[in-house]
Visitor: 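Here it is, the structure, as structure tokens.
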Amino acid sequence: MNQPARLLDYRSKREHLLIGLMSGTSLDGIDAALVAIRTNGNGEIEDVALREFYYMPYSDDLREWVLNLCSVETARLDQLTAVHYGLSEWYAYAVNQLMEKAGVTAAEVDAVCNHGQTIWHIAGHTPFPGPTGMTEVRASLQIGELSTLAERTGIPVVGNFRARDLAADGEGAPLVPYADYILFRHAEKGRLLQNIGGIANVTVLPAGASIEEVVAFDTGPGNMIMDQIVQIVTEGKLRYDEAGRLAASGVVSQPLLERLMQDPYYQVKPPKSTGREVYGKAFAQEMLAEAGKLGLSGPDLIATVTALTAASIAQAYLQFVLPTTKVEEVIVSGGGAHNQTLLRMLQSQLGAGMTITTTQQFGMPDDAKEAVAFAILGHETLMGRPSNVPSVTGAKRAVPLGNICF
């Protein structure tokens with residue numbers, strides 16, 4: 001079947017089966033979700049159901065290769081080229097393991113929808129020598145070759161989602177808010193969808209909101225700094241603070257926390273986005289130096305950077321959300337949803353007026369939401385429908401996202 005015929009066939013169906021893939025800035029591994037989407041007679045999404053979920057952790061070697069690419073001090077062009085192709089072998093393996101777990105075949109899956117691995121994200125514009133002189137461009141790089149993934153699985157692939165929003169002069173992030181709107185909007189309750197991955201981002205869903213009223217932005221660091229400090233403090237024995245136990249055993253340094261909260265990013269009005277370029281290895285090394293000056297123990301430092309994530313999220317709400325939107329529920333997803341110390345800190349910052357829950361309590365594993373989201377975005381691309389949210393990214397218009405590889 002040729003490409004136009006495949007698209008027409010897809011758009012004529014009411015029932016669709018897709019696989020969403022997400023590998024985030026925490027660099028822990030690949031989330032793979034098998035998602036059933038039902039549409040109405042107008043092609044609009046009527047129902048989304050998670051059929052199966054599979055998680056595949058990165059090996060230490062792969063994680064080191066990818067992490068090296070995320071720093072200008074260690075990135076190498078030959079490794080970037082190799083990882084761009086090699087990473088898709090991992091994506092393909094995850095897809096095949098998910099299908100085996102779910103008991104479905106490649107012929108039953110309409111498409112794989114892959115976010116790819118973010119290597120570098122430039123917030124705002126960056127100078128560039130254009131054809132008529134110096135200009136400014138938007139840029140973000142997610143790697144993982146679509147052709148390799150399509151060839152290994154025998155399934156069409158949708159990927160490179162951020163590029164079209166960037167081309168429309170958007171930030172290219174966050175993109176999940178469209179799916180948050182589809183999955184969690186409520187006619188009577190104002191909700192915040194707080195994802196805490198490597199970076200933390202929030203989607204604001206006012207009660208009864210239309211898609212044009214949705215607001216979302218990166219609140220700042222999520223698990224990224226915590227994970228790096230834990231790995232350094234434990235000399236690599238631990239990769240993250242399971243359930244927040246190490247943070248719970250320490251004492252938050254208020255002087256250091258107050259200094260960290262003076263970061264200019266927290267005062268920038270949305271739309272805005274950030275990443276490992278800001279809160280990566282160099283930032284963690286600065287925290288270690290500051291902790292040494294203050295005589296903090298490892299658990300104290302872990303408690304403090306955990307408090308930083310909670311405080312930056314709460315401050316974002318207080319500054320940019322609550323003055324204009326009534327909120328009843330905060331629904332947390334991502335790895336941070338498992339950190340009970342972080343959730344307790346966030347609840348104490350927000351008070352009793354807002355209930356903190358997780359996506360698990362809505363029947364969706366906390367780690368699966370973003371993979372499900374990219375299945376939704378890929379579906380809309382195949383339907384020829386826009387799925388960026390200009391009020392979120394700052395794009396000049398709504399556009400279909402992603403490239404399709406048959």
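Residue numbers count from 1 along this sequence.
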Visitor: Taking atom types as modelled and ignoring hydrogens, do the side chains of Y91 and T148 form a donor-acceptor contact shorter than 3.5 angstrom?
Guide: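 No, no side-chain donor-acceptor contact under 3.5 Å.
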Visitor: Any chance the side chains of Q267 and Q319 put a donor and an acceptor closer than 3.5 Å?
Guide: yes
Visitor: Could you check L80 against I143 for side chain to side chain contact (heavy atoms under 4.5 Å, CB included), going step by step and ending with a plain yes or no?
Guide: CA-CA 9 Å; L80 173 61; I143 63 172; 4.0 Å; yes
Visitor: Suppose we screen for ring-ring contact (aromatic ring centres under 6.0 Å, His included). Which residues come up paired with H338, at least two apart in sequence or across chains?
Guide: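 None.
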Visitor: Report yes if the side chains of L166 and S140 come closer than 4.5 Å at any heavy-atom pair, otherwise no.
Guide: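 Yes; the side chains approach each other to less than 4.5 Å.
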Visitor: If I take atom CG from residue L18 and atom CG from residue L377, how far apart are they, to the nearest 0.5 angstrom?
Guide: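 Going from CG on L18 over to CG on L377, the span is 11.0 Å.
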Visitor: Taking 4.0 angstrom as the limit, do K369 and D180 come out as a salt bridge?
Guide: yes
Visitor: Please tell me if the side chains of P390 and K396 come closer than 4.5 Å, counting only heavy atoms from C-beta onward.
Guide: no
Visitor: Please step through side chain to side chain contact (heavy atoms under 4.5 Å, CB included) for the pair F128 and E136, ending with a clear verdict.
Guide: CA-CA 5 Å; F128 187 80; E136 291 188 328; over 6 Å; no
Visitor: Any side-chain heavy atom of L401 within less than 4.5 Å of one from D165?
Guide: yes
Visitor: What is the distance from atom OH of Y58 to atom OG of S26, rounded to the nearest 0.5 Å?
Guide: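 Answer for the OH-OG pair, Y58 versus S26, is 9.0 Å.
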Visitor: Can you name the salt bridge (Lys or Arg N to Asp or Glu O under 4.0 Å) partners of K13, sequence neighbours left out?
Guide: D110
Visitor: So which of L98, D31, V95 actually passes side chain to side chain contact (heavy atoms under 4.5 Å, CB included) with Y54?
Guide: L98
Visitor: Sequence neighbours left out, what passes side chain to side chain contact (heavy atoms under 4.5 Å, CB included) with V268? Give chain and number order.
Guide: K272
Visitor: Can you tell me how far CE of M226 sits from CG of L246, rounded to the nearest 0.5 angstrom?
Guide: 12.0 Å
Visitor: Taking C-beta and beyond as the side chain, do T309 and N339 meet within less than 4.5 Å on heavy atoms?
Guide: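 Answer no - side chains too far apart.
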Visitor: Provide the full list of side chain to side chain donor-acceptor pair (under 3.5 Å) pairs with a residue in residues 233-247, sequence neighbours left out, each pair given once.
Guide: D60-R239
Visitor: Contact between Q142 and F161 at the side-chain level, heavy atoms closer than 4.5 Å - yes or no?
Guide: no
Visitor: Once rounded to the nearest 0.5 Å, what's the spacing between atom CZ of R276 and atom CD1 of I199?
Guide: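 Answer for the CZ-CD1 pair, R276 versus I199, is 8.0 Å.
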Visitor: Quick one: does S59's side chain get under 4.5 Å of W90's, heavy atoms only?
Guide: yes
Visitor: If you measure from the Lys or Arg side-chain nitrogens to the Asp or Glu carboxylate oxygens, is any gap between R191 and E328 under 4.0 Å?
Guide: no
Visitor: Could you work out, with side chain to side chain contact (heavy atoms under 4.5 Å, CB included) as the rule, every residue matching L146, not counting sequence neighbours?
Guide: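 Side chain to side chain contact (heavy atoms under 4.5 Å, CB included) list for L146, sorted by chain: V157, N403, C405.
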Visitor: What's the separation between atom CD1 in I331 and atom CZ in F184, rounded to the nearest 0.5 Å?
Guide: 5.5 Å
Visitor: Side chains of I229 and T304: closer than 4.5 Å at any heavy-atom pair?
Guide: no
Visitor: Roughly how far apart are I30 CD1 and M56 CE, rounded to 0.5 Å?
Guide: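 It is 4.0 Å, given to the nearest 0.5 Å.
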Visitor: Looking only at heavy atoms, what is the nearest atom pair of Y317 and V330, with distance?
Guide: OH-CG1, 3.6 Å
Visitor: Go through the structure and list residues passing ring-ring contact (aromatic ring centres under 6.0 Å, His included) with H115, not counting sequence neighbours.
Guide: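 Partners of H115 by the ring-ring contact (aromatic ring centres under 6.0 Å, His included) criterion, ordered by chain and then number, come out as F374.
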Visitor: With a 4.5 Å limit on heavy-atom distance, are the side chains of V48 and L183 in contact?
Guide: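 In contact.
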